[in-house]
Amino acid sequence: MRVFTDERCLGHHPPAGCPEVPERLRSVLLALEEADFEVVRTPPSEAPAEALRWVHDAEYVERFERAVARGDALIDSADNPLVAGTLDAAWGAVEATLAAADRIALGGGAEDRRALAAVRPPGHHAERAMAMGFCYFNNVAVAAEHLVRHHSLDRVAIFDFDVHHGNGTQHLFEERGDVFFASVHQFPFYPGTGAEDETGRGDGVKATLNVPLPAGVGDIEYGAAIDRRVVPALAAFRPQALLISAGFDAWRGDPLGGMRVSGEEIARWGSSLSDLADEVCEGRLLTVLEGGYDLAALPGLVVRYCQAVDRSSRLALRGAPS
């Protein structure tokens, strides 16, 4: 499995006190390289501009650009501070994610169809015309739309296991039947969406699956929700590519979450999702990094998940937080 990133992602330095810091990604990349994953640093490109505007309103993108150029303090919410490197970091995250999407679409064997977009800022809270929850551009949504439009896929599925519901991703696709969105998350919790009765609208009815869980849930309940609800639904949809919004803040030590999930359980999800991708979509599996704010634990959690996804690494799982 190849890892895609962009050096610009490290250039967003929010003010003191914000938990979404460059060290999150820097430590993850170091751990992945130490675990012998190939890390590809994508060069800047003009190509993602069109792909981004398939998902986000042009006026929003222009407003974002103007705000950074003027040195405005905020865009849309207090969770989304702007500094000089914010715009470049957001573009870098999109570009690396698109490169990873191209990899899974064009890869030869099944192992060439697995990729990780190790990026920040995260994206799953970003809506069509609004930044929120540390997210500016919706990386996984841009990748899904790119696979549909550029690679002519008819069915793409997104599974979000971040502890926070991916409101932006859901809202971008909830009226469509060609992109299935599933989420297991803490509820009620930020951002306040993700109730079980949110199942899509119009052509997208029943193409959204939300499995809300109460705070304090651990491996058994979280695992059952994935095994009994999400995996069968994804299998029934038969996507041609499976995208994962991978937030590691359901980990029991995360300072922003309220769940009690172990590192072993998160790794098991990776193995299960990898098997599902082999079964339904010829191994096409793209994981996009979302949340996860325990700086000491995050690198090990990501490595262990990636080793579980990557068949060649499964027999050599390295230590991770338990």
Side-chain angles (χ1 to χ4, degrees), residues 1 97 100-101 104-105 107 110 113-117 124 138-141 143-148 151 153-163 165-185 187 194-201 203-213 219 221-248 250 261 265-290 305-306 308-311:
M1 183 174 76
T97 304
I104 70 160
R113 296 174 185 157
R114 289 172 172 79
L116 168 69
H124 70 152
N138 196 313
N139 306 310
V140 75
E145 191 69 21
H146 179 72
L147 289 168
V148 169
H151 292 286
L153 299 192
D154 297 319
R155 297 179 314 283
V156 174
I158 302 170
F159 171 42
D160 189 329
F161 63 71
D162 191 289
V163 78
H165 179 247
N167 58 293
T169 311
Q170 174 177 304
H171 292 164
L172 285 163
F173 296 115
E174 65 185 346
E175 296 185 17
R176 291 172 50 173
D178 58 340
V179 179
F180 185 90
F181 175 75
S183 177
V184 178
H185 50 272
F187 185 88
E196 192 161 4
D197 61 0
E198 296 173 23
T199 59
R201 300 184 297 167
D203 292 341
V205 168
K206 297 185 179 179
T208 295
L209 171 66
N210 283 302
V211 186
L213 299 172
D219 290 1
E221 298 92 340
Y222 229 105
I226 293 173
D227 295 344
R228 299 174 188 174
R229 300 283 306 278
V230 174
V231 170
L234 293 171
F237 184 71
R238 306 297 295 184
Q240 293 161 297
L242 176 59
L243 279 55
I244 310 299
S245 269
F248 293 85
V261 177
E265 178 63 12
I266 294 173
R268 191 187 69 81
W269 302 345
S271 179
S272 177
L273 294 167
S274 184
D275 289 342
L276 178 65
D278 283 342
E279 176 187 342
V280 301
C281 54
E282 299 179 318
R284 296 187 189 94
L285 176 63
L286 168 58
T287 300
V288 182
L289 184 62
E290 300 284 1
Y305 166 85
C306 289
V309 167
D310 185 35
R311 287 186 178 279

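When reading the values below, keep in mind they use all heavy atoms of this one structure, side chains included, and skip hydrogens, waters and symmetry mates.
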Seminar exercise, completed: Between the CG atom in L147 and the CZ atom in R284, the distance rounded to the nearest 0.5 Å is 9.0 Å
Exercise. Can you tell if the side chain of I266 reaches within under 4.5 Å of the side chain of V261, non-hydrogen atoms only?
Worked result: yes
For this session: Report, as yes or no, whether the 6.0 Å neighbourhood of atom CG on D227 holds more than 12 heavy atoms from other residues, nucleotides or ligands.
Result: yes
Problem set entry | Flag for S245-E290: side-chain donor and acceptor within less than 3.5 Å | yes
For this session: With the side chain counted from C-beta on, respond yes when L234 and L209 share a heavy-atom pair under 4.5 Å apart, and no when they do not.
Result: no
Seminar exercise, completed: In this structure, CG of L273 is separated from OH of Y305 (nearest 0.5 Å) by 5.5 Å
For this session: May I ask you to test the V140-T97 pair for a side-chain heavy-atom distance under 4.5 Å?
Result: no
Problem set entry | Side-chain heavy-atom pair F159, W269 within 4.5 angstrom cut-off | no
Exercise. At their closest point, which heavy atom of F180 faces which heavy atom of T208, and how far apart are they?
Worked result: CE1-N, 4.5 Å
For this session: May I ask you to test the N210-S183 pair for a side-chain heavy-atom distance under 4.5 Å?
Result: yes
Problem set entry | Gap separating the OG1 atom of T169 from the CG atom of N138, nearest 0.5 angstrom | 4.0 Å
Exercise. Name the one of H124, H165, Q170 that satisfies side chain to side chain donor-acceptor pair (under 3.5 Å) with D160?
Worked result: H124
Exercise. Of all heavy-atom pairs between A117 and A100, which one has the smallest distance, and what is that distance?
Worked result: CB-CB, 4.3 Å
Exercise. How many angstroms lie between CD in E198 and CZ in F181, if you round to the nearest 0.5 Å?
Worked result: 9.5 Å
For this session: Kindly indicate whether the side chain of L276, heavy atoms from C-beta on, has any atom under 4.5 Å from the side chain of E279.
Result: yes
Seminar exercise, completed: Rounding to 0.5 Å, atoms CG (L213) and CZ (F187) come to a distance of 11.0 Å
Problem set entry | Test log, rule side-chain contact (heavy atoms from CB on, under 4.5 Å), inputs V288 and L243 | CA-CA 7 Å; V288 182; L243 279 55; 5.7 Å; no
Exercise. Going by an N to O cut-off under 4.0 Å, is there a salt bridge joining R114 and D278?
Worked result: yes
Problem set entry | Which atom of R201 lies closest to which atom of E175, heavy atoms considered | NH2-OE2, 2.7 Å
For this session: Work out which heavy atom in R155 is nearest to a heavy atom in F237; give both atom names and the distance.
Result: NE-O, 3.3 Å
Problem set entry | Intermediate values then yes/no, side-chain contact (heavy atoms from CB on, under 4.5 Å), F248 and L289 | CA-CA 8 Å; F248 293 85; L289 184 62; 3.8 Å; yes
Exercise. Is there a side-chain contact between D154 and D178, using heavy atoms and a 4.5 Å cut-off?
Worked result: no
Exercise. Quick one: CD1 on I158 to CG on L286, what's the gap to the nearest 0.5 Å?
Worked result: 9.5 Å
Exercise. Which heavy-atom pair separates H185 from Y222 by the least distance, and what is that distance?
Worked result: CA-OH, 3.9 Å
Problem set entry | A241 to I104 - nearest heavy-atom pair and separation | CB-CD1, 4.2 Å
Exercise. Is there side-chain contact between R176 and V148, with heavy atoms separated by less than 4.5 Å?
Worked result: yes
